[in-house]
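Working notes, beginning with the structure itself.
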Amino acid sequence: MAGHRLQVQQPGLDIIVSPDKSLLQSCTESGMKLSQSCRNGNCLRCEATLVAGQVTLRDGRRLNAPANIPLCISYPASDMVLESLPLSRQGSYWHAQLTSKGDWQLAAGSQPPPQLGQRVAVLQATRVDPSRVDQISGRHVRLAPPVTLTGSGSAFLIALSAPTRGNLALWHKRHLHPQCLWSNLSADTGQLALSLCRRAQWPGQYWLD
Ligand code: FES
């Protein structure tokens, strides 16, 4: 079967991809190291934004641009353009809930918890707080300084071990006023934070600038 042209804006990539291979597989075979885990469309670590073209998902559904697509279950259905790729240097993250004792309980999963002393950022719908892991018990983590839960009641802990400094900022707009949530981000950390905001489906609009 004839291939399709895949262009990626950031990092620059221009390759021919087979409709029989997932975009994750094709990009990996072209030498890109991409963030991934479940490979069945659940964890969204491999999510990318389709800005032109269309893909067929593993279950047969067709998605047209603009759309956020998990690369592991997306197959080319036309020539396509992706905004960027989720490079594997992105940091680790955990979905977390604040308990009544002031600990953060990490969602169940195979990913080990962060290390004692690990620098983290708590990402919520309308704020980001830097902190550090002060105590760990199983999947319960205590942070210092402590971070309170606001707004939607859900949050992500992002490990800051990967390179995080850069010239991007994460923005949010719910009503009229744009609000900068997190500044001086590297492309990897910014993309991860943006993916998590979209995954959480918090109200409002998020973007990187
Ligand atoms: S690797 Fe989990 S959604 Fe693609």
Side-chain angles (χ1 to χ4, degrees), residues 3-4 6-11 13 15-97 105-114 120-121 123 125 139 152 154-164 170 186-202 206-208:
H4 297 291
L6 170 67
Q7 294 173 281
V8 181
Q9 295 171 335
Q10 181 63 40
L13 185 68
I15 56 175
I16 300 298
V17 289
S18 163
D20 302 326
K21 291 182 179 177
S22 74
L23 291 174
L24 181 69
Q25 190 179 354
S26 293
C27 291
T28 301
E29 287 176 1
S30 77
M32 307 304 294
K33 290 187 178 167
L34 300 187
S35 173
Q36 56 187 287
S37 179
C38 69
R39 297 193 196 172
N40 61 19
N42 284 327
C43 73
L44 298 186
R45 283 176 188 269
C46 69
E47 187 180 65
T49 301
L50 182 70
V51 292
Q54 55 183 201
V55 296
T56 305
L57 299 182
R58 192 179 289 161
D59 63 7
R61 280 181 297 141
R62 188 66 66 94
L63 281 184
N64 296 314
N68 295 319
I69 56 170
L71 299 180
C72 62
I73 57 165
S74 298
Y75 295 78
S78 72
D79 291 351
M80 287 160 299
V81 180
L82 293 175
E83 184 179 69
S84 62
L85 287 176
L87 299 176
S88 68
R89 286 176 295 138
Q90 287 184 341
S92 304
Y93 70 87
W94 300 262
H95 189 255
Q97 290 290 339
Q105 180 171 10
L106 308 182
S110 56
Q111 187 184 4
V120 295
L123 174 69
R139 294 187 79 79
S152 71
S154 65
F156 291 95
L157 245 60
I158 297 179
L160 298 183
S161 50
T164 57
L170 176 67
S186 68
D188 298 330
T189 304
Q191 282 293 339
L192 174 60
L194 184 62
S195 299
L196 293 176
C197 294
R198 288 175 174 164
R199 175 181 173 182
Q201 297 186 320
W202 288 323
Y206 293 87
W207 71 97
L208 292 172

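Note that the structure is predicted; figures quoted are calculated from it, not measured. Atoms within each ligand, like the ligands themselves, are counted from 1 in listed order.
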Would the distance check show the side chain of R139 and the main-chain N or O of A107 forming a donor-acceptor pair, the cut-off being under 3.5 Å?
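A pair under 3.5 Å: yes.
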A125 backbone acceptor or donor facing Y206 side chain under 3.5 Å:
yes
Should the pair K21-E29 be classified as a salt bridge under the 4.0 Å nitrogen-to-oxygen rule?
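Result for this pair is yes, salt bridge flagged.
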Would you indicate whether R61, at its atom CZ, is surrounded by more than 12 heavy atoms from other residues, nucleotides or ligands within a distance under 6.0 Å?
no
Which protein residues have a heavy atom closer than 4.0 Å to any atom of ligand 1, listed by chain and number?
Q36, S37, C38, R39, G41, N42, C43, L44, C46, C72
As an exercise, state the distance from CD of Q25 to OG of S18, rounded to the nearest 0.5 Å.
8.5 Å
For a quick test of reading the model, state the closest non-hydrogen atom pair linking S74 to I69 and the distance between them.
OG-CB, 3.6 Å
